[in-house]
Amino acid sequence: MKPFYITTAIDYVNGSPHLGHAYEKVLTDVIARFRRQMGDRVHFLTGVDEHGQKVQKSAKARGITPQAYADEVSAEFRALLPKLNISNNDFIRTTEERHKKVVRQVLQQLHDQGEIYQAEYQGFYSGRQEQFLQDKDRNPDGSWPEIYGEVTEITETNYFFKLRGYQQWLVDFLTQNENFIFPRFRQKQVLEFLKEPLNDLCISRPRERLEWGIPLPFDAGYVTYVWFDALLNYYSAVADQPGLWPAAWHVIGKDILVPPHAVYWPIMLHAAKLPLPHGLLVHGWWLQGGAKMSKSTGNALNPLDLIAEFGADAFRYFVIREMNVGQDSDFTREQFLVRYNSELANNLGNLVNRTLNMTTRFGAGAIPVAGAPAEAEQELQALWTRTRDEVLPLCEGFQFHSAIERTMGFITATNAYIERRAPWKLGKSSEPADQELLRTSLATMAESLRLGVALLQAVMPAAADRINSVLGYRPGPSWMNELTWDGRLAGCKVAEALVLFPRPQPAAKAPAKP
RNA sequence: GCCAGAGUAGCUCAGUGGUAGAGCAGAGGACUCAUAAGCCUUUGGUCGCCGGUUCAAUCCCGGCCUCUGGCACCA
């Protein structure tokens, strides 16, 4: 089996999970599930980034140890995964020994190779904020904002990683591998960024200022800079699992593309003589009312509330259906309800329910054997073939929103097919030809539903299982083998009814426009 | 300022050198298996602005306007 290793960014444990975190997990999970269905040997990693100044500071403010603080927030992130039905194979914390060991090894190796040197850094330091400041932090008149307290210029000795020497190599690599970053315009952005000369990367923090980190193996007076530590998680988690690295895709948000994932990470790997991952998949942000969501403005939407109200599948469906991977998207409850009602409740959910009802009522609760397909059946089957052949490449190219759109078009066509056959009329006739057509139509709608649902399996795994279950059907081990139109449902005993996506409110019609 | 993305029906978006499409919302209709769901029909647009190339541009070129994001080492 072809290995397929996929990661999310690891979340920084300095704040609670929000919609953006949830989206990234779901997107990565959909890709992971899809690749498993396609027969790949998938390894899906997610985790948390636990070191650094902010964690140390937050812990201190709470009067607990950094580890205790990290334990607490990490548990919160970890608890989100089962709620979203995330199928990760592993969960890494950067405070785990397996990770720290690899970080030390890589640092030592780079040091031995002469890629790391010591030098003085000079800059303006805010004692109150415990951080160095940049010119951009200044007020327009050149003074420092009040929040920084007293700012002094200090000189500090630190260790630096020779990034600059690899700049041309990176430009060449990206030029030759134009699909390294998806979507492609992000890759152009990185090349644009690389037109400016790189500076070497400071990878150490003196221990007097920061204790919460991995000590440098060659100088115990320093801990490792948090990005250098964090990025290595992708490799440290699988370093002892042959065959996985470098079959990796990193799913990240656009905010951490440049410079960490597009510059530091490739250069770190290359300098350490490790192969580069297959690629970076860069997603956009969820906005609310056109504004970036943030806790400070109080518009951060808690995904857990929506999951509690509508279920994980509906949440997963919405974020994957609504967002074109790579672009930004707006998230509103209204928009969520529109998709939920029209696509999940009315189109798909109702198709499930009416199929069960009609099979129970006109087919004695078992899916009949279909007769020879007439024009209506042939058209629907032809549409299925087209839909399947379009959806698979779309999913392989991360175009899940389009894949769902096509699949929903097929569900709509199935509803239209039912109207065309009108089994409720056929059920009133005792003519043998009508009875034959009735059996065919019941079998056809069930088969069509089974197939449509198979295409939604990765996005809504629980709903897909549920629908197969009420159809009295258990899919085989090979997903690809499920995608053929045939008579495998004949004889399956169906449930009487199922309201899979209940409407949240009694059909409140929006006021008409003038 | 530089770079990138985007400006198309009320909303969200697709699209092609030959006088524009989908879904949702709105309107009308026939039906009743179903979560007043589904199905059929239908009303909406001088495709951001100004020039140019062309027999012909929403799609190509130039300029402009507006929106969004990035422009680092955040120690």
Side-chain angles (χ1 to χ4, degrees), chain A residues 52-54 121 123 125-126 129-134 136-137 156 158 160-161 163 183-206 209-210 223 225-227 254-255 257-260 262-264 284-285 287 290-292 321-322 324 326-330 332 334-335 338-339 341-362 401-402 405 408-409 411-412 414-427 441-442 445 497-504 506-507 509-514:
Chain A
Q53 186 79 56
K54 286 175 186 165
Y121 178 87
Y125 186 75
S126 156
Q129 293 292 322
E130 298 179 12
Q131 63 174 32
F132 275 89
L133 304 174
Q134 308 302 315
K136 65 177 182 182
D137 296 322
E156 192 173 279
N158 266 308
F160 291 80
F161 170 52
L163 269 195
R184 212 176 265 196
F185 74 86
R186 294 283 175 209
Q187 178 126 348
K188 286 194 218 147
Q189 223 167 53
V190 174
L191 283 168
E192 201 58 40
F193 172 81
L194 288 170
K195 284 180 179 168
E196 297 296 315
L198 287 173
N199 288 333
D200 289 341
L201 176 66
C202 176
I203 56 151
S204 67
R205 300 292 179 269
R209 285 223 328 277
L210 178 64
V223 299
Y225 170 49
V226 71
W227 265 116
K254 65 181 185 180
D255 50 324
L257 175 66
V258 180
V263 180
Y264 302 161
W285 279 338
L287 310 173
K292 182 187 171 184
R321 172 72 183 86
E322 186 74 11
N324 182 346
Q327 315 214 310
D328 291 346
S329 230
D330 212 38
T332 62
E334 288 68 33
Q335 188 68 6
V338 164
R339 292 240 184 253
N341 282 330
S342 74
E343 296 178 19
L344 291 181
N346 298 350
N347 201 11
L348 175 62
N350 187 54
L351 173 62
V352 172
N353 204 25
R354 69 197 303 214
T355 299
L356 298 178
N357 268 286
M358 282 187 269
T359 306
T360 300
R361 198 150 143 185
F362 307 121
H401 66 299
S402 297
E405 191 180 17
M408 278 303 167
I411 297 293
T412 293
T414 304
N415 274 317
Y417 164 82
I418 292 173
E419 302 294 329
R420 189 167 169 185
R421 280 291 177 237
W424 49 92
K425 282 183 188 161
L426 297 170
S441 62
L442 291 175
M445 70 176 80
L498 171 67
V499 175
L500 192 58
F501 300 104
R503 290 180 68 101
K509 295 250 178 184
K513 291 247 163 18

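Note that this is a predicted model, so its numbers are computed, not measured. Numbered from 1 within each chain, the chains take letters A, B, ... in sequence-line order.
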How many angstroms lie between [atom1] in [X] and [atom2] in [Y], if you round to the nearest 0.5 Å?
{"X": "A:Trp424", "Y": "A:Arg354", "atom1": "CH2", "atom2": "CZ", "value": "5.5 Å"}
{"X": "A:Asn350", "Y": "A:Leu344", "atom1": "CG", "atom2": "CG", "value": "12.5 Å"}
{"X": "A:Asp200", "Y": "A:Asn158", "atom1": "CG", "atom2": "CG", "value": "12.5 Å"}

B:G5: syn or anti, with syn meaning chi within 90° of zero?
anti

Give [X] one of three labels, base, sugar-phosphate or nothing, depending on what nucleic acid heavy atoms sit under 4.0 Å from its own.
{"X": "A:Tyr264", "answer": "sugar-phosphate"}
{"X": "A:Glu192", "answer": "sugar-phosphate"}
{"X": "A:Phe185", "answer": "sugar-phosphate"}
{"X": "A:Lys195", "answer": "nothing"}
{"X": "A:Leu500", "answer": "base"}
{"X": "A:Asp200", "answer": "base"}
{"X": "A:Leu257", "answer": "nothing"}
{"X": "A:Pro183", "answer": "nothing"}
{"X": "A:Ala416", "answer": "sugar-phosphate"}
{"X": "A:Thr360", "answer": "nothing"}

Atom-pair distance ([atom1] on [X]; [atom2] on [N]), nearest Å:
{"X": "A:Gln187", "N": "B:A4", "atom1": "CD", "atom2": "C1'", "value": "14 Å"}
{"X": "A:Asp330", "N": "B:A6", "atom1": "CG", "atom2": "C1'", "value": "14 Å"}
{"X": "A:Tyr417", "N": "B:G38", "atom1": "OH", "atom2": "C1'", "value": "15 Å"}
{"X": "A:Asp255", "N": "B:A72", "atom1": "CG", "atom2": "P", "value": "15 Å"}
{"X": "A:Asn357", "N": "B:A34", "atom1": "CG", "atom2": "C1'", "value": "6 Å"}
{"X": "A:Arg321", "N": "B:C11", "atom1": "CZ", "atom2": "C1'", "value": "14 Å"}
{"X": "A:Leu351", "N": "B:C39", "atom1": "CG", "atom2": "C1'", "value": "13 Å"}
{"X": "A:Asn353", "N": "B:U32", "atom1": "CG", "atom2": "P", "value": "19 Å"}

What's the gap between [N] and [M] when it is taken at their [atom1] atoms, as a whole Å value?
{"N": "B:G38", "M": "B:U54", "atom1": "C1'", "answer": "49 Å"}
{"N": "B:G45", "M": "B:C39", "atom1": "P", "answer": "26 Å"}
{"N": "B:G29", "M": "B:U66", "atom1": "C1'", "answer": "43 Å"}
{"N": "B:C59", "M": "B:G52", "atom1": "P", "answer": "14 Å"}
{"N": "B:G1", "M": "B:G21", "atom1": "P", "answer": "39 Å"}
{"N": "B:C24", "M": "B:C33", "atom1": "P", "answer": "24 Å"}
{"N": "B:A20", "M": "B:G48", "atom1": "P", "answer": "14 Å"}
{"N": "B:G17", "M": "B:C61", "atom1": "C1'", "answer": "13 Å"}

Is the closest side-chain heavy-atom distance between [X] and [Y] below 4.5 Å?
{"X": "A:Met445", "Y": "A:Pro423", "result": "yes"}
{"X": "A:Asp330", "Y": "A:Glu322", "result": "no"}
{"X": "A:Phe193", "Y": "A:Pro259", "result": "yes"}
{"X": "A:Pro504", "Y": "A:Asn341", "result": "yes"}
{"X": "A:Val258", "Y": "A:Gln189", "result": "no"}

Of all the heavy-atom pairs spanning A:Leu198 and A:Leu163, show the shortest one and how long it is.
CD1-O, 4.3 Å

Determine whether any donor atom in the side chain of A:Asn350 lies under 3.5 Å from an acceptor atom in the base of B:A34, or the reverse, and answer yes or no.
yes

Under 3.5 Å donor-acceptor pair, A:Glu419 side-chain atoms to B:G38 base atoms
yes

Short side-chain N/O contact from [X] to OP1 or OP2 of [N], under 4.0 Å:
{"X": "A:Arg503", "N": "B:A37", "value": "yes"}
{"X": "A:Arg361", "N": "B:A34", "value": "yes"}
{"X": "A:Arg205", "N": "B:C74", "value": "yes"}

Nearest-nucleotide 5' precedence on RNA chain B, A:Val338 against A:Met358
A:Val338

Comparing A:Phe362 with A:Glu343, nearest RNA chain B nucleotide closer to 5' gives the residue A:Glu343

For A:Gln187 and A:Arg184: C-alpha separation, side-chain torsions, deciding distance, then whether side-chain hydrogen bond (donor to acceptor under 3.5 Å, both in side chains) applies.
CA-CA 5 Å; A:Gln187 178 126 348; A:Arg184 212 176 265 196; over 6 Å; no

Quick check for you: among [options], whose closest atom lies nearest to any side-chain atom of [X]?
{"X": "A:Asn415", "options": "B:A72, B:G38, B:A34", "result": "B:G38"}
{"X": "A:Trp424", "options": "B:U35, B:A72, B:C33", "result": "B:C33"}
{"X": "A:Lys188", "options": "B:G5, B:C24, B:A37", "result": "B:G5"}
{"X": "A:Lys425", "options": "B:A72, B:U35, B:C31", "result": "B:C31"}
{"X": "A:Trp285", "options": "B:A34, B:A72, B:G70", "result": "B:G70"}

So, A:Thr412 and A:Asn347: side-chain donor and acceptor under 3.5 Å apart, yes or no?
yes

Those stems involving RNA chain B that have three or more consecutive Watson-Crick or G-U pairs, both distances under 3.5 Å, are B:1-7 with B:65-71, B:10-13 with B:21-24, B:26-29 with B:39-42, B:48-52 with B:60-64

